[in-house]
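Input: a single structure, listed below in structure tokens.
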Amino acid sequence: CFIFISISGCDRGLGYHTAKRLDSYGFSVIAGCLDVNSENVKNLQRESSDRLQTVALDVTSKPDLDNVKNWMKENMNGGQIYC
């Protein structure tokens with residue numbers, strides 16, 4: 001079984017620490033961030049494994065949500081997405 005865990009708000013705070021913790025447990029994490037170029041996001045990428053992927057995500061933006069959903073479909077090798 002292959003599981004992606006998608007978390008929003010990974011720029012800082014609870015989302016940031018949850019993404020790091022789940023990555024350390026071996027999960028594949030999609031870390032949604034408002035500003036993927038921020039220093040916090042660069043630290044998150046540097047301190048995590050290659051199982052953690054950061055993506056631009058504003059949860060109030062339908063295009064951002066669609067982009068993340070499409071990214072997941074392309075990278076899940078035919079797996080199911082539950083939104």
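- Leu65 and Val59 get closest at one heavy-atom pair: CD1-O, 3.6 Å.
- Salt bridge present: Glu39 and Arg46 bring a charged side-chain N and a carboxylate O closer than 4.0 Å.
- Counting only residues at least two apart or in different chains, ring-ring contact (aromatic ring centres under 6.0 Å, His included) contacts with residues 34-72 comprise Phe4-Trp71.
- Note that SG of Cys33 and NZ of Lys42 are 12.5 Å apart. Values are rounded to the nearest 0.5 Å.
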When the side chains of residues 50-57 are checked against the rest of the protein, which donor-acceptor pairs come out under 3.5 Å, sequence neighbours left out?
unit_1 : atom_1 : unit_2 : atom_2 : d
Arg51  : NE     : Gly26  : O      : 3.4
Arg51  : NH2    : Asp23  : O      : 2.6
Arg51  : NH2    : Ser49  : OG     : 3.4
Gln53  : NE2    : Asp50  : O      : 3.1
Thr54  : OG1    : Gln45  : NE2    : 2.5

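- Cluster membership for Val68 and Val36, using ILVMFWY side-chain heavy atoms within less than 4.5 angstrom, is not shared.
- The side-chain hydrogen bond (donor to acceptor under 3.5 Å, both in side chains) test applied to Asn40 returns no partner, not counting sequence neighbours.
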Taking only distance into account, with no hydrogens and no angle test, what donor-acceptor pairs under 3.5 Å do side-chain atoms of residues 7-17 form with protein atoms, sequence neighbours excluded?
unit_1 : atom_1 : unit_2 : atom_2 : d
Asp11  : OD1    : Leu34  : N      : 2.8
Asp11  : OD2    : Leu34  : N      : 3.2
Asp11  : OD2    : Asp35  : N      : 3.1
Tyr16  : OH     : Glu47  : OE1    : 3.2

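- Listed by chain and residue number, nothing satisfies the side-chain hydrogen bond (donor to acceptor under 3.5 Å, both in side chains) test with Asn67 (two or more places apart in sequence, or in another chain).
- Atoms CG and NZ, on Asp66 and Lys69 in that order, are 7.5 Å from each other to the nearest 0.5 Å.
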